[in-house]
**Student:** 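Questions regarding the structure given below will be posed in turn.
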Protein chains: 2
Amino acid sequence: MTDWLTIGEAAEQTGLSAKQIRHYEARGLVRDAHRSDAGYRLYDCHQVQQLTLIRQARYLGFSLREIDALLQLWADPTRASKDVKALAERHRQAIRQRITELQQLEKTLSALEADCRGDDDPDCAILASLTDPEHRT
Amino acid sequence: MTDWLTIGEAAEQTGLSAKQIRHYEARGLVRDAHRSDAGYRLYDCHQVQQLTLIRQARYLGFSLREIDALLQLWADPTRASKDVKALAERHRQAIRQRITELQQLEKTLSALEADCRGDDDPDCAILASLTDPEHRT
DNA sequence: CCTTGACCTTACCCTTGTGGTAACCTTTAT
DNA sequence: ATAAAGGTTACCACAAGGGTAAGGTCAAGG
């Protein structure tokens with residue numbers, strides 16, 4: 001009487017696409033799903049929960065590799081929550097790092113734009129700067 | 001007497017890799033390079049300047065598609081600098097948008113982490129939240 | 001003259017995380 | 001019975017390159 005879901009139903013419940021679910025299985029992120037007689041994948045609520053975790057973690061920007069680690073911890077009843085927290089913290093630091101980089105880019109772009117008159121004249125400080133190997137980054 | 005550079009020399013001057021330069025040619029971003037009798041690609045200073053533009057623009061996070069547009073403008077003596085500025089501005093807005101998204105992610109992660117005790121106990125608020133399809137994003 | 005090493009050439013596979021398509025089979029409803 | 005909707009695999013594509021192989025070329029030195 002367990003209610004099995006087809007991949008489409010599981011997709012709808014989790015917010016993933018069926019394609020994504022198959023992909024995660026192919027990547028070994030989740031175990032191969034059960035199959036109906038006709039070969040249809042069937043999911044129980046435990047697997048739906050697992051897929052939900054993937055979906056939410058993807059939304060938060062975790063890579064599939066990181067999610068793999070999260071799933072290992074999730075499946076391990078002897079885990080320490082500090083290990084989960086450490087994973088999250090590392091990811092958060094990566095995000096902060098990326099934000100800093102993007103802010104620097106934005107600053108540089110902003111300065112370039114300020115130097116460009118932005119009129120109908122071909123003379124353009126942005127192009128001039130881009131073609132100048134000034135501070136070789 | 002024009003001093004032609006081989007691809008390695010052009011790479012060194014621009015900060016690109018030889019691989020990247022070939023890639024840009026294959027993508028049609030730059031015209032096919034001249035060739036020596038032996039088939040070696042040869043670059044003049046105009047092309048080196050063009051490659052420098054690509055390198056700098058890539059550094060600023062422009063996509064190759066955007067750079068294609070920049071190169072069109074660069075090559076066009078009748079360009080209006082406002083068109084260049086508009087390209088830069090659009091890119092800058094995309095960066096700002098991305099920063100906002102990442103900041104939101106960071107905030108969410110931060111909140112999750114705050115709820116996790118991070119000790120040796122398996123009970124973990126982060127995992128609990130991830131497996132909960134609460135606010136289906 | 002010939003070798004050695006550094007450089008060049010093409011061509012192919014790998015990455016990340018999907019989307020798209022085709023060709024085909026199953027289930028469900030009419 | 002038939003058609004729509006949904007499942008299956010397998011393959012191609014993207015961005016923007018990196019890695020490697022198998023081979024051609026160039027300059028220096030013994």
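Convention: sequence-line order gives letters A, B, ...; per-chain numbering from 1.
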**Student:** Whole angstroms only, please: what is the OH-C1' distance between B:Y24 and D:dA15?
**Tutor:**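 It is 11 Å, rounded to the nearest whole Å.
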
**Student:** With A:Y43, which residues qualify under ring pair (Phe, Tyr, Trp, His ring centres under 6.0 Å), at least two apart?
**Tutor:**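 If we apply the ring pair (Phe, Tyr, Trp, His ring centres under 6.0 Å) test to A:Y43, skipping adjacent residues, there are no hits.
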
**Student:** Let me know, please, whether B:E25 or A:F62 comes out on the 5' side of the other along DNA chain C by nearest nucleotide.
**Tutor:**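 In this pair, the answer is B:E25.
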
**Student:** Would you tell me whether A:S81 and B:D119 have side-chain atoms, one donor and one acceptor, within less than 3.5 Å of each other?
**Tutor:**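 There is such a pair between these side chains.
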
**Student:** Residues two or more places apart in sequence or in another chain: which of them pass side chain to side chain donor-acceptor pair (under 3.5 Å) with A:E89?
**Tutor:**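 For A:E89, the residues satisfying side chain to side chain donor-acceptor pair (under 3.5 Å) (neighbours in sequence not counted) are A:R92, A:Q93.
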
**Student:** Walk along nucleotides 18-24 of chain D from 5' to 3' and tag each nucleotide B, S or - by protein heavy-atom contact under 4.0 Å, base first, then sugar-phosphate.
**Tutor:** BBB---B

**Student:** List the atom pairs, donor and acceptor, that lie under 3.5 Å between side-chain atoms in residues 22-33 of chain A and the rest of the protein, sequence neighbours left out.
**Tutor:**
| residue | atom | partner | partner atom | Å |
| --- | --- | --- | --- | --- |
| A:E25 | OE1 | A:A33 | N | 3.3 |
| A:E25 | OE1 | A:R41 | NE | 3.1 |

**Student:** Would you kindly give the CD1-to-C1' distance between A:I21 and D:dG6, to the nearest whole Å?
**Tutor:**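 So the CD1-C1' distance, A:I21 to D:dG6, works out to 14 Å.
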
**Student:** From the list D:dA16, D:dT8, C:dC8, which nucleotide is the closest neighbour of the side chain of B:H23?
**Tutor:**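 Ranking D:dA16, D:dT8, C:dC8 by closest atom to the B:H23 side chain puts D:dA16 first.
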
**Student:** With salt bridge (Lys or Arg N to Asp or Glu O under 4.0 Å) as the rule and sequence neighbours excluded, what pairs involving residues 61-76 of chain A come up?
**Tutor:**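 Residue pairs passing salt bridge (Lys or Arg N to Asp or Glu O under 4.0 Å), neighbours aside: none found.
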
**Student:** Kindly write out the residues that satisfy side chain to side chain donor-acceptor pair (under 3.5 Å) with B:D120, not counting sequence neighbours, or none if the list is empty.
**Tutor:**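 For B:D120, the residues satisfying side chain to side chain donor-acceptor pair (under 3.5 Å) (neighbours in sequence not counted) are A:K82.
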
**Student:** Starting from P on D:dG6, measure out to CG on A:L5 and report it in whole angstrom.
**Tutor:**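 Between P of D:dG6 and CG of A:L5: 15 Å.
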
**Student:** Going by number, which of residues 65-74 of chain B have a non-hydrogen atom under 4.0 Å from DNA chain D?
**Tutor:**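 Close to the strand, none.
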
**Student:** Got a sec, which pairs hit ring-ring contact (aromatic ring centres under 6.0 Å, His included) with one end in residues 80-121 of chain B, sequence neighbours left out?
**Tutor:**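 Checked against ring-ring contact (aromatic ring centres under 6.0 Å, His included) - neighbours excluded - the pairs reaching residues 80-121 of chain B are B:F62-B:H91.
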
**Student:** Among all residues two or more places apart in sequence or in another chain, which pass the side-chain contact (heavy atoms from CB on, under 4.5 Å) test with A:L105?
**Tutor:**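 Result, side-chain contact (heavy atoms from CB on, under 4.5 Å) vs A:L105: A:L102, B:L60, B:I95.
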
**Student:** Determine whether B:I7 and B:Y40 fall in the same hydrophobic cluster, where Ile, Leu, Val, Met, Phe, Trp and Tyr are linked whenever their side-chain heavy atoms lie under 4.5 Å apart.
**Tutor:**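 In one cluster: no.
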
**Student:** Not counting sequence neighbours, which residues clear side chain to side chain donor-acceptor pair (under 3.5 Å) with B:Q104? List them please.
**Tutor:**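 Scan of B:Q104 (side chain to side chain donor-acceptor pair (under 3.5 Å), adjacent residues dropped) gives B:T108.
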
**Student:** Describe the nucleic acid contact of B:R58 in one word from base, sugar-phosphate, nothing, applying a heavy-atom distance below 4.0 Å.
**Tutor:**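 Sugar-phosphate, backbone atoms only, no base.
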
**Student:** Could you tell me whether B:R22 contacts a base, only the sugar-phosphate backbone, or nothing, with contacts defined as non-hydrogen atoms closer than 4.0 Å?
**Tutor:**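 Base: the residue B:R22, judged by heavy atoms under 4.0 Å, touches a nucleobase.
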
**Student:** Which whole-number value in Å describes the distance from B:D37 CG to C:dC8 P?
**Tutor:**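 Spelled out: CG on B:D37 to P on C:dC8 is 17 Å.
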
**Student:** Will you find, in the side chains of A:Q97 and A:E101, an N or O donor that is under 3.5 Å from an N or O acceptor?
**Tutor:**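 A pair is found: one side chain offers a donor N or O, the other an acceptor, under 3.5 Å apart.
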
**Student:** Salt bridge (charged side-chain N to carboxylate O under 4.0 Å, His left out) with A:D123: which residues, sequence neighbours excluded?
**Tutor:**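 Here the qualifying residues are A:R117.
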
**Student:** How far does the helix from C:dC1-D:dG30 to C:dT30-D:dA1 bend, going by the axes of its first and last five pairs, to the nearest 10°?
**Tutor:**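 Helix axis angle between the two ends: 30°.
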
**Student:** Provide, to the nearest angstrom, the distance between the CZ atom belonging to B:R27 and the P atom belonging to D:dA13.
**Tutor:**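 After rounding, the gap between these two atoms is 12 Å.
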
**Student:** Which part of the nucleic acid does B:S36 contact within heavy-atom distance under 4.0 Å: base, sugar-phosphate only, or nothing?
**Tutor:**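 Since no nucleic acid heavy atom lies under 4.0 Å of B:S36, the category is nothing.
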
**Student:** From C:dC8, C:dG17, D:dG17, pick the nucleotide closest to the side chain of B:T6?
**Tutor:**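 For the B:T6 side chain, the nearest candidate turns out to be C:dC8.
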
**Student:** Whole Å only: how far is the NE2 atom of B:H34 from the P atom of C:dT9?
**Tutor:**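 Result: 15 Å.
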
**Student:** In whole Å, I'd like the distance from the CZ atom of B:R41 to the C1' atom of D:dT25.
**Tutor:**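 Rounded to whole Å, this separation is 15 Å.
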
**Student:** Measure CD1/B:I7 against C1'/D:dG17 and give the value in whole Å, please.
**Tutor:**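 Rounded to whole Å, this separation is 14 Å.
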
